[in-house]
Structures are given as structure tokens and as C-alpha cells.
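In what follows, a structure is listed as C-alpha cells, so that the remarks can point back to it.
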2 protein chains.
Amino acid sequence: MATGREIAQLCGVSVATVSRVFNQPETVNGDTRERVLRVAKELDYRPNESARALSTKQSTMIGLVWDTDHRRPGWRHPYLQDLLIGLKSALSAHGYHLLMLATSGDAREVGASLADPVGYVNMTRRHHLGGLVLIDSGSDAEAFGAFAQSGVPCVALDVAVEGPRATYVTSDNAGGARAAVAHLVGLGHSRIATITGPPGNQPSDARLSGYREALRDAGVEPRADYVVAGDFYRASGIAAMQRFLALDEPPTAVFASSDEMAVGALLAARAAGLRVPRDLALVGFDDIEIASVVEPALTTVAQDKPGFGVAAAKAIMAMITGSGPDGPVVLPAQLVVRDSCGARQV
Amino acid sequence: MATGREIAQLCGVSVATVSRVFNQPETVNGDTRERVLRVAKELDYRPNESARALSTKQSTMIGLVWDTDHRRPGWRHPYLQDLLIGLKSALSAHGYHLLMLATSGDAREVGASLADPVGYVNMTRRHHLGGLVLIDSGSDAEAFGAFAQSGVPCVALDVAVEGPRATYVTSDNAGGARAAVAHLVGLGHSRIATITGPPGNQPSDARLSGYREALRDAGVEPRADYVVAGDFYRASGIAAMQRFLALDEPPTAVFASSDEMAVGALLAARAAGLRVPRDLALVGFDDIEIASVVEPALTTVAQDKPGFGVAAAKAIMAMITGSGPDGPVVLPAQLVVRDSCGARQV
DNA sequence: CGTTTCACCGTAAGCGGTTACATAGACCCT
DNA sequence: AGGGTCTATGTAACCGCTTACGGTGAAACG
């Protein structure tokens, strides 16, 4: 790799001038600038990022905090790939890279976990990261709060954080849920149950609120036995559905807080001899890939998956370039009507 | 952040000693070592990675080459999440991080693409990366060859590369396909067609070979009109199936090189009035999530998804720590019998 | 013509580590 | 006692880049 010094020598200038050509081009004479640029291109010069970061205390990397260790094996992130694509492409446009931080240590004690946010914060300083993107932890609001307070720019996904240099992006979970439940009401249902995510999980809580609002708006009396908590996994959808079916007055419609649980409910309903949507209307949330291929195809609330990545990248870049946090980004959540709700003839 | 110099001052030693405590502990006296360690812990000292990388010309980061730009919107990587989890956790154990490299440039000309492997190679040098992991590009063997020749340690997934510091990990695609087709033969089928991936894509080509071997082993005459090329996307599965159905003697069984195409074939068959598996047996490849939820559940060849990440990490670490490449890693591909092949009563 | 201004560029001091080399004792030997 | 070893540490150069500061010469000014 060619260094700045080599270029300087070949051009008969100092290293400072070479550096200026790339960082403050306007301060160097046109001729010399061209000369340096030409030689740089010939030598395929690329400034050494370590040196630059060391000197400027600022790298071109954003850290990704994704703590998978506490995930059970069956867990699928509902939109990881789109998120990463969105993030990567949006960051790329600014010349930034995404660093997936290690979460467990070796002898030298690298590593961090959500249980120890400080570890991550230390890493961002060690690597001079520009900021942190926090994903997949709607249930860890407390830990995320610690990030927000640390002063490093960070944007969280699906969990509200507040801090001087922190913001978040989330879907309009309440609105999406409201639309879903209102749709069921519109189809004539009044016995509408819901399967929530883990209590305390923010998107789940918001979806539950949306469910309640929609019932209230429709003048439907809420019933405690129509609300059971799941954990977003499929198995919990099965269990919840079984509880509903054991009720004296089982619901005629179910809104699940995740597609996985909706699929679980579908399986449980089918196992009990019910036909969906004829005997039971079903709506999920997320619009993951399987939603469109299960039989019947799942009516669900779609999130703007690539939007998360793009919005997160935009927010981070905004904080890096000085303009403070723009405030939370709320992405639209769109009801996608397919077959499981009974609106269509099947 | 505390620096080594601060620790040195507090301990009354030189920065060299502090550095030695962390890098060659055996060369420093027990007492002073303890003292330095204690102070370091008190100050929560973490060596600055930029400085270390600059000095040692070796960072603790591995680059991830994932060129998404040439992907069509509908594309889903069949095992991205498991791959990343496996990679991350295995790298974490060695204190390494994963850097998702930017693929498009800003004004300062960062960025690279598969069309320009040199860009990636440059990035690894700029960032002092320990190596590169190349994913999701079984069709870009030529570009990947360039990486292998560059001298940077790299391990490719699903594409065979050769080089002094390069190796790859892949599934036993031929074996998996062979098992799938043999299974169909065992069920009494002799009119067995296949939908391949894009010609030139290595996993796809290997699966095609497996298909042919299985037919040969069974003494079944291969038919050219029973082999049509798809592109792994669902739509191509639909198109391929339609061509099969238009044949004078349509196949009674179809082996698709990806689950997505198998689902496409399923839809096309159903649209044509066929019932799967009664009128048509179907086997896919990958065992993506939807395979188990489509109706009928898809018989398919499962890949060891987390295994990719773990094996890739292991291979990279082996090359970094000096021991040369271990030679290619071939992961088992396991036939998962579900409902779409007709082996089970449904 | 002396002085100020300004554009341009070089000098050198960092940034925070690593490590080759030198040094200083302590210990052992003859 | 003198010389050789070995251990423990300090000194200082270096990694490659950024940037505050100062200097130079030409243009602009009174």
C-alpha cells in the first residue's frame, strides 16, 4: 500500500499537503492538487484508516449492537435482512461501514452484552465508532436507556430511548394494530381476542394499546380473558389459541402480535377442527415471508422493513454530522389483507 | 478513556511496561504486573484499537463481503441470520469483530463491489482486516477468484476458490441432491424433473450433478426436457413447472434446487389443478423457514446453516494464526422428509 | 518603496500504542 | 574480583495521518 509520504516525495511536496488535498482541497493550489491526485491515483493510494482514526478520533464505522446470546434457537428476526441491506446501503453512501460488535470476550476481555452496556460503550470508544445502532431488543428498554445516557450517538430500533444524542425508529405499532382490529370489527366480529408479545416489550405493548383503542372506538367491551401474553414465538401462539378455545365463549377472531404466533394460532385452530377463516378470523403482525405462503395466506400488518435500516442510518449520520437527533422516526404500518381474516372469498 | 500513559504514570513505570503487561505478560515482573493490572482495572483501561492496529498492522476485524446491490428485491438469503450468528459468536470467541464493508462510494471513493474486487482488497488493507468472508455469490466465481489470488486470507461460502490463503465452505450439494432424487426413485418415480439454479452457480451445478448421478444409479434414462434452469427465485419455479406441465409426458416428481423455486412449482401445479403430493411429488433444497409451513409441508434438503458461520470463522482464524488453510469444509446436507414428496400419508 | 494581506505550503507535534535496542542490577561462575 | 547471563525495565523510534503554527513570496496597499 502506498503511503502519503511516498506520494509527497514523488510530488516534491510535504505530507501535510497530501493530507490537505484529501481533507481540505480548497486550501491547496490547483496545480499541486492535480499533481498529487494524479500520483495518488497511479499508486492507488488509500489513506490508512487506522492512522486516520487515531489522529482524528473518529472512524468511519458504526457499531451494530445485536445481542443474540439470549435468543432461543427458533427465533427469527422479522426483518433482519432488509434491515441490514437498508443500513448498509444508506451508510455506504456516506462512506461508513457497519461493525458487528463481538458479544463475548477472549482473554483480552473484549466483548460486551446487553447486561453490560458499558462494554459496548467502551468498544465504541476503543474503535472510535461514530455511533451505535441497537436492534432486536424491544424487551431490554433499561439496558438501552444506559446507552442513550452514555453520550455516544445511538439509534435504537423498536424501543423508545431518550438521551442527548439518542433517538429511535419504530413502526406505528398502535396504529397498525388499530387498523387490524378495526378491520375485524368491520367484518362483523365482536369477540376479538389478542395474543401479545412479552409484557414490557414496547412494540408489543403498543400493539396491545392499539387493540384496545380499536375495541373502544367500536364500542366493544374488552374482556380480560381475551388477552393472553405470548413471547412472539410460534409455540406461544399455539398455547394461547388453546386457551382461547377452552373458553366458554371462544373468540371468533384473533389478532396476534407477531406472524409467528399467528401461525401458531392457525395450527392450533386447525388441530381443533376449526377452519380459518370460516370459523375463526386471524390477523398477524410483521408480514414476514411465511405470512404469504401459509394456507390460508395470513392477513397481517406489514412493517416498512428496509425503512428501518434507512431511517436508522439517516438518524445516525445526522447526529454524527452535528445536527442533533431529529426526534423519533415512526414508520407506517400497513394492513395487508389476505385470506386468513375472511374478508376475501376463498 | 484512560490511556496507557496514564497507567504508566500512576504505576511509576514506562508505557512500554504497560504494553508488555498486556502483550507479553511473562516478560514482566509479577509485582509490577499486578500493580499495572490493578490500576488498569480501576481506570477501566481499554487499549485503543486504532493505535494498536496502526502499530501492529493487524486489527481484530474480519470483513464481510456481501454484495447486495445486484440482488433483485425479492431475494432472501436462505440462511443469513444463522450464518451471521454463527460467524459472530465464533469470531467473538477470538475477540474478533465482523465488519460489513460498504459497497458504494462517497466523495472519498470508499466502496467496492464484486465487479471490482480490488476495492475490497484495498479496504482490507486500509483497515488492517484479518481476512475476508465472502458470502452469497455462488454465481460470481471469477470475481471470487480474484480475492483468492490477492493474498488476503479469505474464505468463501458456497463457491470453490483456490489460493495460497483462501479456502471455502459449502454444503454437500451433490450428495444432498442425490439423496433427494434417490428418495423419489425409491417412492417409485421414474419421470423425475429438476429445476436448477442459474447455470454457472456452483451449488446449483453440484445439485444438478447429484440429480444426474442419482438417476444414473437408478438406471433411469435422463431426459433433456426434464431439466430447466431457474434462478432460485420463486417466479422461475412457477415458469419451470408450467413448462413441465406442457410436456407430452409431464414428470411425476420434481426436484427443485431451492425451496423458493419449489414453492413456485407448488403454486403452478396447484393452479393447474394438480394435487401435491398425490399427482406430483416435490422436493426442494435449503430448508428455509417457509418449507415447513407451506401446505403441504415441503420435503427438502436441509443445510447446516449455523455450521457455515462457525466453519467460516474457524477457517479464517486458522489462516490468521498462521496455520495455512485447512482445505475446503464440506457441510452435510440432510434430506428432511415432509409431506410434499408423498412418502408420508397425508 | 515599506508594509500589510493573503494564498500556499512546510515543520513538527501529536494520536496511543508496539517493540528493537540499550541499560542496570542480580546472580553465578571461575 | 572480573566477566558472563539473565531478568526487568526504560528509551525512543515508528506505524501513517491530521493539523496548529509559522514562514515565504507575491499581490495589494498607502
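Chain identifiers are assigned alphabetically (A, B, ...) following the order of the sequence lines, protein sequences preceding nucleic acid strands; residue numbering begins at 1 within each chain.
- For the pair A/Ile7 CD1 and C/dC9 P, the interatomic distance rounds to 16 Å; values are reported in whole Å.
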TODO: Apply side-chain contact (heavy atoms from CB on, under 4.5 Å) to the pair A/Leu43 and A/Ile7, showing each step before the final yes or no.
DONE: CA-CA 8 Å; A/Leu43 268 51; A/Ile7 297 188; 4.2 Å; yes
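- Note: B/Glu162 CD to B/Thr167 OG1 = 8.5 Å, rounded to the nearest 0.5 Å.
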- [ ] Would you please test A/Asn48 and B/His128 for side chain to side chain donor-acceptor pair (under 3.5 Å) and show each step?
- [x] CA-CA 8 Å; A/Asn48 180 306; B/His128 297 300; 2.9 Å; yes
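- Regarding A/Asn48, its CG atom lies at a distance of 14 Å from the C1' atom of C/dG17, rounded to whole Å.
- The interatomic distance linking B/Leu54 (CG) with D/dC15 (P) rounds to 9 Å, in whole Å.
- Applying the side chain to side chain donor-acceptor pair (under 3.5 Å) test to pairs two or more places apart or on separate chains, those with a residue in residues 76-85 of chain A are A/Arg76-B/Asp82, A/Tyr79-A/Asp158, A/Asp82-B/Arg76.
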Polar pairs (N or O, both sides) under 3.5 Å between protein and nucleotides 23-28 of chain C?
none

For residues 307-317 of chain B, tabulate all N or O donor-acceptor pairs below 3.5 Å that involve a side-chain atom, not counting sequence neighbours.
none

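- Note that the two end axes of the helix from C/dC1-D/dG30 to C/dT30-D/dA1 enclose an angle of 50°, each drawn from 5 base pairs, rounded to 10 degrees.
- In this structure, CD1 in A/Ile62 is found 10.0 Å from NE2 in A/His94, a value given to the nearest 0.5 Å.
- The separation between A/Glu6 atom CD and D/dC15 atom P is 11 Å, rounded to whole Å.
- Ion pair B/Asp44/B/Arg46 flagged as a salt bridge, since at least one NZ, NE, NH1 or NH2 atom sits closer than 4.0 Å to an Asp/Glu carboxylate oxygen.
- Of all the residues in residues 9-19 of chain B, B/Gly12, B/Val13, B/Ser14, B/Ala16, B/Thr17 reach under 4.0 Å from DNA chain D with at least one non-hydrogen atom.
- A/Arg38 pairs by the salt bridge (Lys or Arg N to Asp or Glu O under 4.0 Å) definition with A/Glu42, not counting sequence neighbours.
- Side-chain N or O atoms of B/Ser89 include one that pairs as donor or acceptor with a backbone N or O of B/Ile85 at under 3.5 Å.
- Each of B/Ser55 and B/Arg33 was matched to the nucleotide of DNA chain D holding its nearest heavy atom; the match closer to the 5' end belongs to B/Arg33.
- The distance between atom CZ of A/Arg5 and atom C1' of D/dT18, rounded to the nearest whole Å, is 14 Å.
- The distance between atom CG of A/Asn23 and atom P of C/dC9, rounded to the nearest whole Å, is 15 Å.
- Contacts of A/Thr32 with the nucleic acid, taken as non-hydrogen atoms under 4.0 Å apart, involve only primed sugar atoms and P, OP1 or OP2.
- Remark: P of C/dT19 and CZ of B/Arg20 are 11 Å apart, rounded to the nearest angstrom.
- Atom P of nucleotide D/dG25 and atom CG of A/Asn29 are separated by 16 Å, given to the nearest angstrom.
- Nearest heavy-atom pair, A/Ala160 versus A/Gln202, reported as atom, atom and distance to 0.1 Å: N-OE1, 2.6 Å.
- The side chain of A/Lys57 contributes an N or O atom lying less than 4.0 Å from OP1 or OP2 of C/dG16.
- A donor-acceptor contact shorter than 3.5 Å is absent between the side chain of B/Arg126 and the backbone of A/Glu49.
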